[in-house]
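Because the structure is a prediction, the values reported are computed rather than measured. Sequence positions, counted from 1, serve as the residue numbers for this chain.
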Amino acid sequence: QVQLVESGGGLVQAGGSLRLSCAASGRTISSYAMAWFRQAPGKEREFVAALSRSGLRTHYADSAKGRFTISRDNAKNTVYLQMNSLNPEDTAVYYCAADATLGIATMAEAYDYWGQGTQVTVSS
């Protein structure tokens with residue numbers, strides 16, 4: 001079983017950048033496909049980005065393409081989400097998730113382990 005802890009959220013102005021971190025413990029992240037989801041107030045949790053177990057494949061939501069980058073550092077057992085060109089619509093709680101199965105899933109139900117989330121607020 002893996003435990004996930006997100007950090008790096010905060011308040012940023014529109015056009016700015018943030019890098020979120022997801023530190024894993026208990027098992028190595030290379031055993032999992034890793035993903036980032038987000039949930040804004042009053043909205044359902046939505047997929048943002050995912051990285052395959054091999055680390056070779058990525059998948060992004062249309063809203064994240066060209067602005068966000070998911071990556072991992074095996075030595076630190078940490079997954080990152082670099083977010084650039086942020087806009088107020090990106091305001092949400094961002095969650096890290098892990099899926100032990102093969103492939104990349106975009107449905108939250110596919111992920112077995114979740115962090116507690118980190119708040120990102122983008123001001124206009």
Side-chain angles (χ1 to χ4, degrees):
Q1 186 168 337
V2 65
Q3 293 79 44
L4 305 173
V5 178
E6 301 95 335
S7 62
L11 175 64
V12 64
Q13 288 187 332
S17 298
L18 281 175
R19 188 179 78 159
L20 305 183
S21 299
C22 173
S25 60
R27 292 198 65 181
T28 61
I29 56 174
S30 58
S31 299
Y32 301 91
M34 302 296 297
W36 288 94
F37 287 78
R38 67 186 184 185
Q39 189 167 18
K43 295 186 177 181
E44 293 187 354
R45 192 168 297 190
E46 65 173 1
F47 171 79
V48 176
L51 182 67
S52 65
R53 283 173 59 176
S54 67
L56 298 178
R57 291 186 296 125
T58 58
H59 184 68
Y60 295 93
D62 287 344
S63 60
K65 287 179 182 177
R67 300 189 301 130
F68 295 1
T69 303
I70 186 171
S71 63
R72 76 185 191 195
D73 184 332
N74 289 338
K76 295 183 178 180
N77 215 30
T78 299
V79 177
Y80 302 99
L81 184 68
Q82 177 67 43
M83 305 187 295
N84 299 327
S85 301
L86 286 162
N87 58 63
E89 290 69 38
D90 296 315
T91 295
V93 177
Y94 283 71
Y95 297 91
C96 176
D99 172 19
T101 60
L102 293 174
I104 293 180
T106 61
M107 300 293 291
E109 292 77 9
Y111 289 83
D112 304 303
Y113 305 101
W114 293 84
Q116 84 289 348
T118 185
Q119 176 71 48
V120 172
T121 302
V122 185
S123 63
S124 57

Considering non-hydrogen atoms only, spot the tightest contact between [X] and [Y] and give its length.
X   : Y    : answer
A24 : V2   : CB-CG2, 3.8 Å
A98 : Y111 : C-CD2, 3.5 Å
W36 : I70  : CD1-CD1, 3.7 Å
P88 : S123 : CG-C, 4.4 Å
L86 : R67  : CA-NH1, 3.9 Å
Q1  : Q3   : O-NE2, 3.7 Å

From [X] atom [atom1] to [Y] atom [atom2], the distance as rounded to the nearest 0.5 Å:
X   : Y    : atom1 : atom2 : value
M34 : T78  : CE    : OG1   : 9.0 Å
K65 : T58  : NZ    : OG1   : 10.0 Å
H59 : T106 : NE2   : OG1   : 5.5 Å

Does [X] use its side chain to pair, donor to acceptor, with the backbone of [Y] at less than 3.5 Å?
X   : Y    : result
T91 : V122 : yes
N77 : R27  : yes
Y60 : G66  : no
E6  : C96  : yes

- Message: Under the salt bridge (charged side-chain N to carboxylate O under 4.0 Å, His left out) definition, can you give me all pairs with a residue in residues 93-117, not counting sequence neighbours?
- Response: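 Of all non-adjacent pairs touching residues 93-117, none passes salt bridge (charged side-chain N to carboxylate O under 4.0 Å, His left out).
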
- Message: Going by salt bridge (charged side-chain N to carboxylate O under 4.0 Å, His left out), name the pairs with one or both residues in residues 40-53, residues two or more places apart or in two chains.
- Response: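 Listed once each, the pairs are R38-E46.
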
- Task: Supply the members, apart from L56, of the Ile/Leu/Val/Met/Phe/Trp/Tyr cluster built from side-chain contacts under 4.5 Å; use none for a lone residue.
- Result: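 Via sub-4.5 Å side-chain contacts, L56 links to none.
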
- Query: Got a sec, which hydrophobics cluster with V5, joining ILVMFWY side chains under 4.5 Å apart, including via others?
  - Reply: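 V5 clusters with nothing; isolated.
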
Are [Y] and [X] co-members of a hydrophobic cluster defined by side-chain heavy atoms under 4.5 Å apart?
X    : Y    : result
F68  : V120 : yes
Y32  : F37  : no
I104 : W114 : no

- Query: Can you list every pair that meets ring-ring contact (aromatic ring centres under 6.0 Å, His included) and has a residue in residues 76-97, with sequence neighbours left out?
  - Reply: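 Matches after skipping sequence neighbours: none remain.
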
Could you list the donor-acceptor pairs under 3.5 angstrom formed between side-chain atoms of residues 8-21 and any protein atom two or more places apart in sequence or on another chain?
{"residue": "S17", "atom": "OG", "partner": "N84", "partner atom": "OD1", "Å": "2.9"}

- Item | Worked check of side-chain contact (heavy atoms from CB on, under 4.5 Å) between D90 and M83 | CA-CA 9 Å; D90 296 315; M83 305 187 295; over 6 Å; no

